[in-house]
Amino acid sequence: MGLLDNFKLAFSSIMSHKLRSALTMLGIIIGVGSIIAIVAMGQGGEAALKSQLAGTGNNTIEIIFEPSADTYSDLNFQPPPFTEQDVINIEKIPEVENVITSNTQSSDIFHGDISMTSNVIGGNNNYFKVNPINIVSGRRITSNEFDSNKKVVMINENLKKKLFQNVDPIGEIIEIRGYPFKVVGVYAEKNQILGLDIKNAIISLNVWPFVYGTEEVTTLTIQSKSLESLENAGNKTVNFLNNTKNIEGLGQFQAFNLKDLQEAIGTITKVMTGIIGGVASISLLVGGIGIMNIMLVSVTERTREIGVRKALGATRANILTQFLIEAITICLFGGFIGVLVGIGGVQLISMAANWPPLISLPVILFALLFSVVMGVVFGLLPANKAAKLDPIESLRYE
């Protein structure tokens, strides 16, 4: 009997017990589908996070202050702020293209009788160069408005929905800490992480002292003239701040590149995907045990058939191959269905989570190959049992 004949016989056996075969495949279907879905979700989530954290490019560095061990334990410690003179001096560094300063504060924003807690962001004229947005209605804050004391504000779509619902907010007045601001634009954020309902409002950093009573700047980001000069720009900025500001014993300034964060995210997601995928693969093991169990039952049911085949000249190798191929066929069918289930599940989850499904062809091929291996491993014992049956005893079996 040729290989094709064995596959035909295996298919015939599977179809003659449809429900039993379907239940046998269930563990393989769940295992393969889960692994494909988990890997695709992990890769898609990683890609979404990386793209959202990347901003307009990788040639930006945020300058952060890392406190010393003693300072870190002081709950009342506040990192040293950046001054206007710091910005002026950093802009003179040859490798620096732009200096972006900003503050963020959570505040209640009022429109009529409606109020909503939101993040209020004060930015300088370069803010949008590293914080990309899509204008939904109205316009951006202009350079003159950033440089002046005009109380204008842009709100994101999430805040607009809460404060204005179906009303056009352009030209309307909202209150931030009692100060009136004219809404000039509504925007959608390109880097809103995983579609979270974050509410933001952007104002000029020049009006920050009027609203919050402080001229201190807490966030400073530099944009280098090229990707190649990024490291030099960061090192020179950090050296300048560490040498000129009175921070002895308190800690030191450091350059934080989003590329480093992307790499860290990639490492974490790969580890988590591997761990969860390993847990999901347990269902494959359970499915394999189920296949071995049902194949043992099948060998018992077909004892007389095996005896007849051996009496007609079938060798041990023929019987072994027949039952092994049947186990492999069951696993392959389950693997194919599992792939379809996994792809369908990923599509649904990606639509809900709003990130791209990255279904990897190598993962699909690996899942199918693993199904074949499962068929060989868990089908070998029943097939070997069938091959060892004594033909005379098999023919007497009732």
Side-chain angles (χ1 to χ4, degrees), residues 45 47-57 60 62 98 100-148 150-208 210-212 217-221 223 258 261 351-356:
L49 282 170
K50 284 184 176 180
S51 64
Q52 290 163 353
L53 289 169
T56 57
T60 59
E62 184 175 343
N98 292 302
I100 301 89
T101 53
S102 62
N103 286 336
T104 303
Q105 184 73 42
S106 178
S107 298
D108 289 331
I109 297 180
F110 292 85
H111 174 65
D113 296 331
I114 303 174
S115 67
M116 184 58 54
T117 302
S118 169
N119 296 318
V120 179
I121 303 167
N124 70 349
N125 196 20
N126 295 322
Y127 180 79
F128 292 125
K129 292 181 180 179
V130 294
N131 295 281
I133 60 171
N134 289 325
I135 299 295
V136 176
S137 63
R139 60 173 177 82
R140 293 188 181 193
I141 299 174
T142 65
S143 297
N144 289 335
E145 288 168 338
F146 267 121
D147 293 336
S148 68
K150 289 187 177 179
K151 295 181 178 63
V152 294
V153 62
M154 293 183 67
I155 60 176
N156 70 355
E157 287 183 301
N158 294 330
L159 183 56
K160 181 260 179 187
K161 291 174 184 176
K162 297 295 184 181
L163 288 181
F164 295 94
Q165 299 178 354
N166 297 324
V167 178
D168 183 9
I170 305 303
E172 295 289 326
I173 301 298
I174 62 175
E175 286 188 13
I176 304 175
R177 290 176 63 89
Y179 289 88
F181 282 80
K182 180 181 178 182
V183 179
V184 296
V186 178
Y187 68 96
E189 296 175 85
K190 291 183 180 179
N191 58 347
Q192 183 169 310
I193 298 177
L194 301 182
L196 297 178
D197 187 21
I198 299 174
K199 304 168 188 68
N200 289 335
I202 301 174
I203 64 176
S204 166
L205 195 58
N206 275 359
V207 300
W208 194 268
F210 297 99
V211 179
Y212 291 99
V217 176
T218 57
T219 304
L220 186 145
T221 304
Q223 186 177 40
L258 288 178
L261 180 57
M351 289 172 61
N354 194 28
W355 69 44

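Throughout, residue positions are numbered sequentially from 1 according to the sequence presented.
- N126 places no side-chain N or O within donor-acceptor distance of the main-chain N or O of I100, the cut-off being under 3.5 Å.
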(request) Apply the test side chain to side chain contact (heavy atoms under 4.5 Å, CB included) to residues I109 and I155: give CA-CA distance (whole Å), side-chain angles for both, the deciding distance (0.1 Å), then the verdict. (result) CA-CA 11 Å; I109 297 180; I155 60 176; 5.8 Å; no
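- The closest side-chain heavy-atom distance from T219 to E62 is below 4.5 Å.
- In this structure, the separation between CG on N134 and CD on E157 is 9.0 Å, given to the nearest 0.5 Å.
- For the residue pair T117 and D108, a side-chain donor N or O sits within less than 3.5 Å of a side-chain acceptor on the partner.
- Summarising the geometry of L159 relative to M116, their closest heavy-atom pair is CD1-CG, 4.0 Å, with the distance given to 0.1 Å.
- Here the straight-line distance linking atom OG of S102 with atom CD1 of I121 works out to 7.5 Å at 0.5 Å rounding.
- For N124 and T101, the side-chain atoms include at least one donor-acceptor pair closer than 3.5 Å.
- The 12-atom threshold is not exceeded at NZ of K150, counting heavy atoms of other residues, nucleotides or ligands nearer than 6.0 Å.
- Nearest approach of A188 to V136, heavy atoms of both residues: N-CG2, 3.7 Å.
- When every heavy atom of G122 is checked against every heavy atom of L205, the shortest pair comes out as O-CD1, 3.5 Å.
- Summarising the geometry of S118 relative to K199, their closest heavy-atom pair is OG-O, 2.9 Å, with the distance given to 0.1 Å.
- At a threshold of 4.5 Å between non-hydrogen side-chain atoms, the residues R140 and I202 do not count as touching.
- In terms of modelled atom types and a separation under 3.5 Å, the side chain of T218 and the main chain of N103 share no donor-acceptor contact.
- F164 and H111 have tilted rings, their planes meeting at an angle from 30° to 60° on a 0 to 90° scale.
- Closest approach of V153 and A201 over heavy atoms only: CG2-CB, 3.9 Å.
- Using a 4.0 Å cut-off between charged nitrogen and carboxylate oxygen, E145 and R139 count as a salt-bridge pair.
- If you take NZ on K160 and CD1 on I170, they are separated by 9.0 Å, rounding to the nearest 0.5 Å.
- In this structure, V211 and F181 approach most closely via the heavy-atom pair CG2-CZ, 3.7 Å.
- A ring-centre distance under 6.0 Å is found for F128 and F146.
- By the 4.5 Å heavy-atom criterion applied to side chains, V120 and Y212 are counted as neighbours.
- Considering I135, V183, N200, V186 as possible partners of M154, the one that fulfils the side-chain contact (heavy atoms from CB on, under 4.5 Å) test is I135.
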